[in-house]
Q: 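Dropping a structure here in structure tokens format, bear with me for questions.
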There are 2 protein chains.
Amino acid sequence: MENSTEQVLKKHGLKNTRQRNVVLEEFFKSNNALSQPELEKRLKGEMDRVTLYRILSSFEESGILHSILDRQGTMNYASCNASCSAAHHHDEHLHFNCDNCHKIFCLDVKIPAVNLPAGFQVAQLSLTATGLCDTCS
Amino acid sequence: MENSTEQVLKKHGLKNTRQRNVVLEEFFKSNNALSQPELEKRLKGEMDRVTLYRILSSFEESGILHSILDRQGTMNYASCNASCSAAHHHDEHLHFNCDNCHKIFCLDVKIPAVNLPAGFQVAQLSLTATGLCDTCS
DNA sequence: TTTTATATGCAACTTTGATGCGTTATAATG
DNA sequence: CATTATAACGCATCAAAGTTGCATATAAAA
Ligand SMILES: [Mn+2]
Ligand SMILES: [Mn+2]
Ligand SMILES: [Zn+2]
Ligand SMILES: [Zn+2]
């Protein structure tokens with residue numbers, strides 16, 4: 001009987017280590033994005049700082065997580081939806097950064113198309129909102 | 001006879017120091033945003049690293065520059081338009097981050113309005129595009 | 001020209017992140 | 001189940017970005 005974090009690791013072809021399961025559990029428990037500093041605080045004693053960095057990178061590369069830069073330049077991570085893979089991320093949605101609780105939410109809001117001046121070729125768009133989240137407002 | 005950087009400093013009520021004029025000249029010479037590391041490289045020997053940080057902060061606070069976070073989390077700065085002040089920045093336009101030359105351009109493209117889920121109150125929107133700029137494409 | 005507030009330089013420190021390397025543990029294979 | 005190759009981990013070390021405290025220098029006002 002495998003738990004769900006182990007299933008996710010297997011599905012993405014990653015070795016089933018204690019540290020990876022611990023990190024993944026944090027995301028399963030949270031409904032918003034988690035910053036690297038926050039994760040480091042929560043997992044102090046559980047694993048080395050460097051291991052956390054490497055796990056986050058490998059999770060992003062394999063399509064388990066996607067990264068979000070907040071207003072202060074801090075790296076945050078959130079679960080990807082099921083269709084994400086190493087080959088392609090499908091995370092072009094709005095990210096909401098609450099000014100009060102500082103949480104970051106992935107909202108199911110599509111990024112509108114924009115008209116750019118001639119010569120500019122868009123590869124990717126990112127849209128971030130600041131303000132008050134639904135619980136803080 | 002004052003040069004234009006001195007006029008800008010006076011207009012914003014900032015002391016006219018050699019270091020501030022040197023920093024401001026870099027922005028007058030550039031048609032794209034400048035990153036902190038790039039500025040530090042260019043102004044090595046001209047002033048202390050800490051002074052540069054403090055000048056950039058004061059310029060942002062007084063509405064001379066606005067800050068832009070690029071994809072790698074590096075802080076960049078660009079000239080504000082004439083109507084910006086300490087009280088309010090008017091820099092809600094699209095920022096284009098070229099994948100090739102890595103320059104950041106402030107484009108005169110308004111950020112479209114978006115519909116958020118109930119409870120979320122937007123204070124500010126930021127829209128960033130990556131791709132190829134007009135000279136690289 | 002003096003005075004005073006502000007800006008600067010320098011030292012020290014923190015945080016975030018990267019890299020090299022020896023050791024440990026996973027998972028495949030026999 | 002035992003062996004073994006390889007990937008992951010822990011630890012040490014380093015670098016870049018940014019902050020803070022304090023003494024000194026310098027604009028700008030008096
Ligand atoms: Mn997201
Ligand atoms: Mn801009
Ligand atoms: Zn909130
Ligand atoms: Zn370019």
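In this text, all values refer to a predicted model and were calculated from it rather than measured experimentally. Every chain is numbered from 1 and lettered A, B, ... according to where its sequence line falls, protein lines coming before strand lines.
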Q: Closer to the 5' end of DNA chain C via nearest nucleotide, is it A/Thr74 or B/Ile55?
A: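 On the 5' side of the pair lies B/Ile55.
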Q: Between A/Met47 and B/Gly73, name the one whose nearest nucleotide on DNA chain D is closer to the 5' end.
A: A/Met47
Q: Rounded to the nearest 0.5 Å, how far does CG of B/Asp70 lie from OG1 of B/Thr128?
A: 9.5 Å
Q: What's the CG-C1' distance between B/Asp70 and D/dA17, to the nearest Å?
A: 13 Å
Q: Give one of base, sugar-phosphate or nothing for B/Gln19, where a contact means two heavy atoms less than 4.0 Å apart.
A: sugar-phosphate
Q: What is the separation between atom CG on A/Leu52 and atom P on D/dA8, rounded to the nearest whole Å?
A: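 Going from A/Leu52 (CG) to D/dA8 (P), I get 15 Å.
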Q: Under a 3.5 Å cutoff, is there a donor and acceptor pairing between the side chains of A/Ser126 and B/Arg71?
A: yes
Q: If a pair satisfies side-chain hydrogen bond (donor to acceptor under 3.5 Å, both in side chains) and one of its residues is in residues 96-121 of chain B, list it, with sequence neighbours excluded.
A: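 Every pair satisfying side-chain hydrogen bond (donor to acceptor under 3.5 Å, both in side chains) with a residue in residues 96-121 of chain B: there are none.
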Q: Using side chain to side chain contact (heavy atoms under 4.5 Å, CB included) as the criterion, list what pairs up with A/Leu69, not counting sequence neighbours.
A: A/Met75
Q: Which part of the nucleic acid does A/Gln36 contact within heavy-atom distance under 4.0 Å: base, sugar-phosphate only, or nothing?
A: sugar-phosphate
Q: Taking B/Thr51 for its side chain and B/Met47 for its backbone only, find out whether a donor-acceptor pair lies under 3.5 Å.
A: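 Judged by distance alone, no pair lies under 3.5 Å.
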Q: Would you grab the first and last nucleotide of DNA chain C (5' to 3') that comes under 4.0 Å of any non-hydrogen atom in chain A?
A: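 Nucleotide range in contact with chain A: C/dT16 to C/dA27.
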Q: Has the side chain of B/Arg18 got a donor or acceptor atom that lies under 3.5 Å from a matching backbone atom of B/Glu46?
A: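 The answer is yes, because a donor-acceptor pair under 3.5 Å joins these two groups.
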Q: For A/Ser67, enumerate each residue passing the side chain to side chain donor-acceptor pair (under 3.5 Å) test, keeping only those at least two apart in sequence or located in another chain.
A: A/Glu60
Q: Between protein and nucleotides 19-30 of chain D, map the contacts as a letter string: B base, S sugar-phosphate only, - none, heavy atoms under 4.0 Å, written 5' to 3'.
A: BBB-----BS--
Q: Without decimals, in angstroms, what is the distance between B/Gln72 CD and D/dA17 P?
A: 12 Å
Q: Which pairs with one or both residues in residues 23-36 of chain B pass side-chain hydrogen bond (donor to acceptor under 3.5 Å, both in side chains), sequence neighbours excluded?
A: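 Checked against side-chain hydrogen bond (donor to acceptor under 3.5 Å, both in side chains) - neighbours excluded - the pairs reaching residues 23-36 of chain B are B/Glu26-B/Lys29, B/Glu26-B/Arg42, B/Ser30-B/Asn32, B/Gln36-B/Glu40, B/Gln36-B/Tyr53.
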